[in-house]
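In what follows, chains carry the letters A, B, and so on, assigned in the order in which the sequence lines appear, proteins first and then strands, with residues in each chain numbered from 1.
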2 protein chains.
Amino acid sequence: MKGVAIFVVQRRKALKLTQQQLADKAGVGLRFVRELEGGKPTLRMDKVNDVLRLFGCELGAVPMSRKEVDDQDPRTDA
Amino acid sequence: MKGVAIFVVQRRKALKLTQQQLADKAGVGLRFVRELEGGKPTLRMDKVNDVLRLFGCELGAVPMSRKEVDDQDPRTDA
DNA sequence: ATAAATTATACCTGATAGGGTATAGAATGG
DNA sequence: CCATTCTATACCCTATCAGGTATAATTTAT
């Protein structure tokens, strides 16, 4: 599903952290971590970055995944 | 400065679009495009993605830039 | 130089993100 | 079995994002 969501879940488990521990380390709420891992699209970038920083990462522009490119508005690429 | 901000400015100019035109195409407000290009950190991911989609991109986790890695909280990487 | 276009700021408002808390159920592990 | 963890709701509250509008500064073009 959502790229960042999957990424966070994998990295968190790799470090053997609970959502609560990750939330504490990142300085965000537990609710936020759950919404992040659940793929909520309307999250604020700064909060997401607070979490990604623990993994040495940050939000950046990346090429859209193949599937998303396919069912995109044709006009977009015109 | 901010990765995504620079990216948007460059791509927009490459397409010879004004901030207004970009805002219209993306379905976001002109104010938002300006704050995005200005590097405001608290923007909502869905809105940012509305813009990046025009460039065939989306927000994703990327490795932190060297400088950011340097002045990071040491405990982070412990 | 002057007009036009583009970008930058500031103010106001409605909508909502984020957080805290509580409850319930489902996995997971001892 | 029982404890822990995770998921999924819901409610309430505060902070603020996003957009509209207006003004001003800056850039660009004629």
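- Using a 4.0 Å heavy-atom distance criterion, L43(A) is classed as a sugar-phosphate-only contact.
- Between the CZ atom of R34(B) and the C1' atom of dT9(C) there is a distance of 10 Å, rounded to whole Å.
- Checking the phosphate oxygens (OP1, OP2) of dC17(D), a side-chain nitrogen or oxygen of K40(B) falls inside 4.0 Å.
- At the phosphate of dA8(C), OP1 or OP2 sits under 4.0 Å from a side-chain N or O atom of Q19(B).
- Of the residues listed (K47(B), R44(B), K40(B)), the one engaging E35(B) in a salt bridge (charged side-chain N to carboxylate O under 4.0 Å, His left out) is K40(B), and it is the only one.
- The closest side-chain heavy-atom distance from L22(A) to V8(A) is below 4.5 Å.
- Within the 4.5 Å cutoff, the side chain of L59(B) has heavy atoms near those of the M45(A) side chain.
- Mapping Q20(B) and R31(B) onto DNA chain C by nearest heavy atom places Q20(B) closer to the 5' end of the strand.
- Within the 4.0 Å cut-off from OP1 or OP2 of dT5(D), not a single side-chain nitrogen or oxygen of T18(A) is found.
- Taking for each of L30(A) and L17(B) the nucleotide of DNA chain C with the nearest heavy atom, the 5'-most of the two is the partner of L17(B).
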For D50(B) and F32(B), what are the C-alpha separation, side-chain angles and deciding distance, and is it a side chain to side chain contact (heavy atoms under 4.5 Å, CB included)? CA-CA 11 Å; D50(B) 285 343; F32(B) 180 82; over 6 Å; no
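- As rounded to whole Å, 9 Å separates atom P of dA18(D) from atom CZ of R44(A).
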